[in-house]
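The figures here come from the full heavy-atom set of this structure, side chains too, leaving out hydrogens, waters and symmetry mates. Values in this document were obtained by computation on a predicted structure and should not be read as measured data. Letters A, B, ... mirror the listed sequences (proteins, then strands); counts begin at 1.
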Amino acid sequence: MKIKSNIAISDNGFVFNPVTGESFTANPTGLEIMNQMRRGASAPQIVETLCNMFQVEPTQAERDLQDFIEMMRQYHLLTYDEE
Amino acid sequence: MTKNRPKLTIGVTGLNAIDSPGPGVAVIRGLREAESFDCRIIGLSYESLEPGIYMHHLVDKTYQIPYPSAGTEALMQRLQYIQQKEKMDVIIPNFDAELFSFMRLSGTLRSMGINTFLPENEQFEARQKVNLYNFGKEHGISVPPAKVIYTLGEAQNIDKDFDWPLVVKGKYYDASLAYNPEQVRSAFNKISAKWGLPIIIQKFIHGSEYNVTGLGDGQGNTLAAVPMRKQYITDKGKAWGGISIADEKAIELTRHFVKASRWRGPFELELMMDKEGQYHLLEINPRMPAWIYLAVGVGQNIPEAVARLAMGWPVKPFEHYEVGKMFVRYSWDMIVDISEFETISTQGEL
């Protein structure tokens, strides 16, 4: 599962899908998750980063990550081609 | 480069840049930005308050022309008068309702020195809303099922054929969503009073609206295609903002449509994408859309290409356009002297 390669993500969290024309605004947590995914980080690595950056418990970070991934899936921002 | 450019005199209709805008002003902006020719623009208007009439930086001179309901003879007489004065090289009609007259007159216009690049009669008829379902069936394009009705009686028990809500459409313009028989009656009366009969009842497709504007050369080749997603839709269903997108599926569908129909001229496809990601063709508009300037802005000057094709000049297919460019429409109050309104109202030209 990866973020589709054509999805544009700006430094301030603006997300644009050039195929559908849809755009979204991600908060700093969401932006960090997307940037980590783009760098190829695993789920445990992303959770660890979130815990360090935002001072949250791992269970909270895991839940937020799963919620965010589910949201990205619903918005057709993910690809499963290389799973 | 600019010194040697030919100068074309081009007549353009659709100057009603209002809340449900005609494409004329956007088409003229494209023509003004043409790299291959200079132009003098002759506005052809139907009413005295079409804003384009007063946009003197875009339109050099405007003449009123008779409504399509007055018949082709009246239009021809008026165009002969205008041609004596203006020596137009090209006319680009921009309304669905007037296209038939211009198509019918195209041979005579050519003999007068006025060139057009319009769909063939058969293509024009095949894409009519009343024929669109069969057109889709014939060419393997998904079109929502529709029923053509002439009386309210035929709308009785319509829910045997369609689920609620359904779409009630006019022959040329207007569409309403109806959730029950009472709303069907109301929409039927309202739309038929304005645009006549028949009325089209069409299955409603849930999804997102997309549009493609393009240009066919009449030989089955797509010369231009720009897909757009509406971002802001007015209460009349018109795009007030939109963005160019990189949807190969929409472009493939467009190429298929042009190849199958051997479409000649500019067009707009209105598409609905359902939850499964499948496109359904809702309408084919046989002209440029009001948002055509987005196509110009992303690198495909379709108005320029239409004028060139009308002149019989070569046009290379556009291969690229910029993705992620938006148009945002705005309204702007022009201050106009009453004498201008008086002139166009009483003399029919300004």
Colleague: By the salt bridge (Lys or Arg N to Asp or Glu O under 4.0 Å) test, which pairs, at least two apart or in different chains, include something from residues 283-296 of chain B?
Modeller: B:Asp96-B:Arg287, B:Lys129-B:Glu283, B:Lys169-B:Glu283
Colleague: Please give me the minimum heavy-atom distance between A:Pro18 and B:Val323, naming the atom from each residue.
Modeller: CB-CG1, 3.6 Å
Colleague: Tabulate, with distances rounded to 0.1 Å, every donor-acceptor pair spanning chain A and chain B at under 3.5 Å.
Modeller:
from	atom 1	to	atom 2	distance (Å)
B:Tyr210	OH	A:Thr20	O	3.1
B:Arg229	NH1	A:Thr20	O	3.3
B:Ala246	N	A:Pro18	O	2.6

Colleague: Among residues 22-34 of chain B, which ones touch chain A with a heavy-atom distance under 4.5 Å?
Modeller: none
Colleague: Mind checking what makes side-chain contact (heavy atoms from CB on, under 4.5 Å) contact with B:Pro165, not counting sequence neighbours?
Modeller: B:Leu177, B:Tyr179, B:Phe204
